[in-house]
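Notes for the one structure printed next.
Numbering starts at 1 and runs along the sequence shown.
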Amino acid sequence: MDFIIPLLILAIPLFNFLLLGIGGVKMSHRLAGTIGCIGMGTVLVLSYYTAFNYFFSGNEAFIIDGVRKAATIFNVTWLEFTKNLVIKLGFLLDPISAMMLIVIPTISFMVHVYSLGYMKDEKGFQRYYAFLSLFSFSMLGLVVATNIFQMYIFWELVGASSYLLIGFFYTLPSAVSASKKAFIVTRFADLGFLIGILILSFYTQTFNFADLTNNPQNVLLSTGGATFLGGSVLTWALVLIFTGGMGKSAMMPLHIWLPDAMEGPTPVSALIHAATMVVAGVYLVARMFPLYLMEEFALQFITVVGAITALYAAIVACTQIDIKRVLAFSTISQIAFMMVSLGVARPEHHEALGYMASMFHLFTHAMFKALLFLGAGALIHAVHSNNYTAMGGLRKYMPITHWTFLIGCLAIAGIPPFSGFFSKDEILSACYSQSMFWGVWMSIVAGMTAFYMFRLYFLIFWWDTPDYSHHHHKPHDPKFAMSFPLLFLATVSVFAGFIPFGEFVTWNGHEYTIHLNTVIAVTSVVIALLGIGAAYVMYSKKNEWPARLAGLVPWLWTAAHHRFYWDEIYLFITHKIIFNGICRPIAWFDRHIIDGTMDGFAYITNKASVAIKGFQSGKVQMYVWWYLIGALLLGAITAVCWM
């Protein structure tokens, strides 16, 4: 394949960022939005062409002995440390990067178009589109990276651009706080990622994904059996690399930034949650998957972290009032589903199942989660509130938003024939193939997913209809710029499950035929329907059931509503222990002992200099006088010494 098209896929959003960032202040909102949409639309077409060419063209560059292989389109040297340890910047095309070339531009383009209506009256509109372009460039650069250090560079760019977008409303203290929180928490995680990269590259003398994953046995041999604190060096490296994914993908205990990231514009939430930033951790593990298969402990660690996170987020989502925060915790739970799917993969249990299920769910989740967030944006745009308490009965006023949001809820709940059913069934199959324990655990989480999503749906569109007469206008569906992305993503969410996914996104060069496990599929649907039924009984119309249920275990409801006090725990650790218990005493010692001692030396020196400054007054008579005194003293001392 010619390198021009892949190069343009990266260059266009970068150019748009520079153009809108530097010259946007001189542009009208319409012009800036048009440039942003045309640029991302062009990237969408080029990305589709590239993915189509990879999957369907039969190009000999991609097909070797009848098997679809990875291809490096271009790879230029950037930094060279040793003969072998070289950092390159390139474009890697393989099944999962080609898949992401469909996901990222699709969601990004829909967000660009949607924002024309949602953000049209906002101050800083041009700056917003510049940041969207930077975010898109960063995400695309991350998924096509040819080596782990290039991925890390774009990983950090994603963090920087998300900081800018989450804090877009910089006059609001809550938005500023949320952007700093997201940036700082993920930086701590990324430190672990960087250390893991350095450990891995030190022993393997390479950053290239091809060298690391094509023959993982060589990577294991390159460590020479080195261990640290009872664990192999490779295990430590992989766990540390995964900590970067824990931060980006909001896995416990590094999840606290994601709910607060809802302070950014709603289209930004769709981009962060659906495209790459939050799924970057999943993509990282998938990219390094052959190495993770070599280390049992690393896979167990991923499984445990993912399973605990999935259950925690599902419980919290059942008690939130802000509709965007319900979707935020839903994202945390769904990303954890993907992590668990990768974690339960074992060579003896056909590792392709967990790998393919995770990637399949990443694809379908991107579509229906973007749909749900953009639907939430339409609701917020209509009633000017994020809380479901200001909503109710909106199906009568917003039919397009109602039906598309319902499709998103059915998809995430795993109801056939919607896309989430097929991908979630594969994940549950992977879990049950590993152990009954993980299968039952994740089935419970799946049932809770159906419950909290339809709790949200019924509270918004059915529940008691509030008085909308005090609004400037009655709620209504948004205009075409905002409705089109909803309709498009709803259509994809209906039909995406029928894509023969395993034939395209192959594992280890081999196709994987997706097939339904009838027992698991029927069981999961029954569990989902029970969750939906419970939500219908409790929330389809105003009744006492929600209050009665909360009253049964009030401490649990209160704790879940406050996210089990994770923010308070972090505040206690950072403020009470680290700041007051450690930093403040150190600061006192520095200020009063170290600075005080130095200030004392300075005071004595200053007083002494003032006292003797007359010695060098410039008066000759004074110099002669001191000379005589000195000579007499010297003579006296000499005489005394000779006696």
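- Side-chain contact between F564 and I569 is absent, with no heavy-atom pair separated by less than 4.5 Å.
- Checked by atom type and distance alone, the side chain of S423 never pairs as donor or acceptor with a backbone atom of T364 at under 3.5 Å.
- When all heavy atoms are compared, the tightest approach of E426 to F360 is CG-CD2, 4.4 Å.
- With rounding to the nearest 0.5 Å, the separation of CD1 in I532 from CZ in F458 is 7.5 Å.
- In this structure, CD1 in I332 is found 11.5 Å from CG in L327, a value given to the nearest 0.5 Å.
- Not one N or O on the side chain of S249 forms a donor-acceptor pair closer than 3.5 Å with the backbone of M246.
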F572 and H575: CA distance, side-chain angles, deciding distance, ring pair (Phe, Tyr, Trp, His ring centres under 6.0 Å) verdict: CA-CA 5 Å; F572 177 79; H575 286 66; over 10 Å; no

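- Under the side-chain contact (heavy atoms from CB on, under 4.5 Å) test applied with H361, the options I335, D425, I427 reduce to a single match, I427.
- To the nearest 0.5 angstrom, M252 atom CE is 6.0 Å from T309 atom OG1.
- Between the CE atom of M442 and the OG atom of S333 there is a distance of 6.5 Å, given to the nearest 0.5 Å.
- Aromatic pair Y536/F454: centroids not less than 6.0 angstrom apart.
- The aromatic rings of Y570 and W566 sit tilted, their planes meeting at an angle between 30° and 60°.
- With a 6.0 Å radius and a threshold of 12 heavy atoms from other residues, nucleotides or ligands, R187 has its CZ atom above the threshold.
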Let me see the working for M40 and S136 under side chain to side chain contact (heavy atoms under 4.5 Å, CB included), right down to the final yes or no. CA-CA 8 Å; M40 189 46 58; S136 301; 3.3 Å; yes

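- Around the CZ atom of F495, the shell of radius 6.0 Å holds no more than 12 heavy atoms that belong to other residues, nucleotides or ligands.
- For the pair Y170 and R127, the tightest heavy-atom approach, listed with the atom from each and the gap, is CE2-NH2, 3.4 Å.
- Between the T319 side chain and the H561 main chain, a donor and an acceptor come within less than 3.5 Å of each other.
- With rounding to the nearest 0.5 Å, the separation of OG in S177 from CG in L172 is 11.5 Å.
- Contact of the L459 side chain with the W463 side chain is registered, since non-hydrogen atoms from C-beta on lie closer than 4.5 Å.
- K324 and T266 form a side-chain donor-acceptor contact under 3.5 Å, judged by distance and modelled atom types alone.
- Taking the six-membered ring where tryptophan is involved, the planes of H402 and Y457 are essentially parallel, since the angle between them stays under 30° and well short of 60°.
- Taking the six-membered ring wherever Trp is involved, the centroid distance between the rings of H562 and Y565 falls below 6.0 Å.
- Taking the centre of each ring, F131 and F168 stay at or above the 6.0 Å mark.
- A pairwise comparison of heavy atoms in L371 and L486 identifies CD1-O, 3.4 Å as the closest pair.
- For the pair R455 and F451, the cation-pi test (distance below 6.0 Å, angle within 45°) is failed.
- Using modelled atom types and a 3.5 Å distance limit, the side chains of D477 and T401 yield a donor-acceptor pair.
- Looking at T106 and M367, their side chains come closer than 4.5 Å, going by heavy atoms from C-beta outward.
- Side chain of S524 to main chain of A521: a donor-acceptor pair is present (N/O by atom type, distance under 3.5 Å, no hydrogens or angles).
- For the pair K180 and Y163, the cation-pi test (distance below 6.0 Å, angle within 45°) is failed.
- Between Y129 and H112, the ring planes are perpendicular. Angles over 60° get that label, and only those under 30° would be called parallel.
- The aromatic ring centres of H476 and Y397 sit 6.0 Å or more apart.
- W403 CH2: 12 or fewer foreign heavy atoms inside a 6.0 Å radius.
- At least one side-chain heavy atom of I412 sits under 4.5 Å from a side-chain heavy atom of Q334.
- One N or O on the side chain of N517 and one on the backbone of I520 form a donor-acceptor pair closer than 3.5 Å.
- Of the possible donor and acceptor atoms, none in the side chain of R548 sits under 3.5 Å from a partner among the backbone N and O of E544.
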Side chain to side chain contact (heavy atoms under 4.5 Å, CB included) assessment of Y539 paired with L456: CA-CA 8 Å; Y539 301 106; L456 182 64; over 6 Å; no

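- Y388 contributes atom OH, which lies 11.0 Å from atom CE of M391 (distance to the nearest 0.5 angstrom).
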Quick one, M100 with M139, criterion side chain to side chain contact (heavy atoms under 4.5 Å, CB included). Give me CA distance, side-chain angles, the key distance, then yes/no. CA-CA 9 Å; M100 296 306 290; M139 294 187 298; over 6 Å; no

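- Although no hydrogens or angles enter the test, the distance criterion places no donor-acceptor pair under 3.5 Å between the side chain of S47 and the main chain of L44.
- Judged by distance alone, the side chains of Y432 and S443 do bring a donor and an acceptor atom under 3.5 Å apart.
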Go through it in stages, so that I can follow the logic: the residues are H255 and Y312, the test is ring pair (Phe, Tyr, Trp, His ring centres under 6.0 Å), and I'd like the CA-CA distance, side-chain angles, deciding distance and then a yes or no. CA-CA 11 Å; H255 64 285; Y312 161 81; 4.9 Å; yes

List the steps, then state whether side chain to side chain contact (heavy atoms under 4.5 Å, CB included) holds for T303 with M339. CA-CA 7 Å; T303 304; M339 286 293 192; over 6 Å; no

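- Proximity of a side-chain donor or acceptor of S341 to a complementary backbone N or O of F337 within less than 3.5 Å is not detected.
- Residues V176 and T171 have side chains not in contact (no heavy-atom distance under 4.5 Å, counting atoms from C-beta outward).
- When all heavy atoms of L342 and S358 are compared, the closest pair comes out as CG-OG, 3.6 Å.
- The main-chain N or O of Q320 is never found under 3.5 Å from a side-chain atom of R325 such that the two would form a donor-acceptor pair.
- The main-chain N or O of A130 is never found under 3.5 Å from a side-chain atom of N16 such that the two would form a donor-acceptor pair.
- In summary, the aromatic rings of F422 and F498 are positioned with their centroids under 6.0 Å apart.
- Within the 4.5 Å cutoff, the side chain of S108 has heavy atoms near those of the L271 side chain.
- Side-chain contact, S330 with K369: a donor N or O sits under 3.5 Å from an acceptor N or O.
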